[in-house]
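Here the structure comes first, spelled out in structure tokens, and everything after it is commentary.
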Amino acid sequence: MNDPVLVINCGSSSIKYALVPDSAHQPRLSGLAERLGSEDARLKGVDGQGRPFSRPLHGAGHADAMAEILEGLEEQHPVAVGHRVVHGGERFTRATRIDAAVRRAIEATVAMAPLHNPANLEGMAATQALFPDLPQVAVFDTAFHQTLPPRAYRYALPDALYRRHGIRRYGFHGSSHAYVSARVDALSERRHGGWLIAHLGNGCSTCAVWQGQSVDTSMGLTPLEGLVMGTRSGDVDPGLHAHLARQLDWSLERIDTLLNKESGLLGLSGLSNDMRRLHQAAAEHHAGAELAIEVFCYRLAKSLAGLSCALPRLDGIVFTGGIGENDSDVRARVVEQLRHFGLRLDAVANADTVGGREGRIDPGEDGRAPELWVIPTDEEGRIAEETRQLLQEEAAHAPQ
Ligand code: ADP
């Protein structure tokens, strides 16, 4: 393998990893340690020979799981480690070499990403201990959105909350939006134009990109704002919190759990957070599943229409993430709700562009209508690329 970068993505109870070679033509080793901290903890993935494996980790936490992952990669000799970090606040506008000061700055944003940033820090500590000589780089989900203008990132709240406490919109899924917008700029003849990206996975967000820069996005201070997601509510009336506290005597923790874990597709359908399961149930006329899909698509169309205000010109819409890459029905509904933007769908291309295929799904007859694309995201690839780029820049500037 050729100078691979090890990409680590630590979630609250999982660690995803990928060993990304410097050529797109070589295979990637990847895997997932999940349900960490529980008796069912497991490590599964693909080994150096392309064989799938799965083994129990019996109650392992992040540090034990990381040691197990790194042991399995000992033969591979990564040249650097790129860590996905969820929240970088306003300080981090690009990938950054990790040192003690950077770790302290990430600790300072823990309050804004209480589930994710502590896990990211644990991942850094474990890799540092096991690979003390490898350069470690943090790539922030928020960094791509640091180009938002104040009109997009400020809430209509008293100024002091922003100045003293950093209360503003940050946006997330930055590596995905950055990868997909760069890819559509490379594929389309309308280079460096105005694109709306819909990243639709378990977490969902939209982003408006003008000439390669994020100019607005649907997520805010936390990854709860915006679209309907798997278990997250997205936008609700902010008055809901006070109403639940006063009328039902709910605690802040109870409200937080409701909005993050019990809402979205799961809450609306009363059935599942998995879009595939909802389509099956809707085909059998399950009213909750039908409603969940309808609200998901309508709110997504509304978000895209709203974000179009950030663009001087709309060149097209790109779908990505598990739902965006696979769900031709959701794509068709959203396009139908945005017909007044001149959008048209090629039904055959839409049905065919699933399962990791990349391509255009509009008929392309009218050269002026916005284009429609499906582009499978590659967050690991983007994190590896930014890690490599930083190290090359450092080498170029190092004293001879
Ligand atoms: P994550 O945000 O965890 O990375 P993914 O990007 O893998 O999530 O997306 C998960 C979502 O994608 C789930 O709602 C899943 O149902 C949906 N999904 C995956 N495959 C399909 C498919 N063939 N059709 C519809 N939805 C799909």
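Remember, it's 1-based here, ligands and their atoms both numbered in the order they're listed. Here the structure is a predicted model, which means the values were calculated and not measured.
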Expected rows: ligand 1 N/O, protein N/O, dist below 3.5 Å:
| from | atom 1 | to | atom 2 | distance (Å) |
| --- | --- | --- | --- | --- |
| ligand 1 | 2 (O) | N202 | N | 2.9 |
| ligand 1 | 3 (O) | N202 | ND2 | 2.9 |
| ligand 1 | 6 (O) | G322 | N | 2.9 |
| ligand 1 | 8 (O) | N202 | N | 3.3 |
| ligand 1 | 12 (O) | I323 | N | 3.3 |
| ligand 1 | 14 (O) | M275 | N | 3.2 |
| ligand 1 | 16 (O) | D274 | OD1 | 2.4 |
| ligand 1 | 16 (O) | M275 | N | 3.0 |
| ligand 1 | 16 (O) | R276 | N | 3.4 |
| ligand 1 | 16 (O) | R276 | NE | 3.4 |

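The side chain to side chain contact (heavy atoms under 4.5 Å, CB included) search around R276 returns D274, not counting sequence neighbours.
The minimum heavy-atom distance linking A18 with E380 is given by the pair CB-CG, 3.8 Å. Across all non-hydrogen atoms, the minimal contact from S181 to A178 is OG-O, 3.3 Å.
From W250, atom CH2 reaches atom NE2 of H241 across 11.5 Å, with rounding to the nearest 0.5 Å.
In this structure, E107 does not pair ionically with R103, as no charged nitrogen and carboxylate oxygen lie closer than 4.0 Å. With salt bridges taken as basic N to acidic carboxylate O contacts below 4.0 Å, none links E34 and K16.
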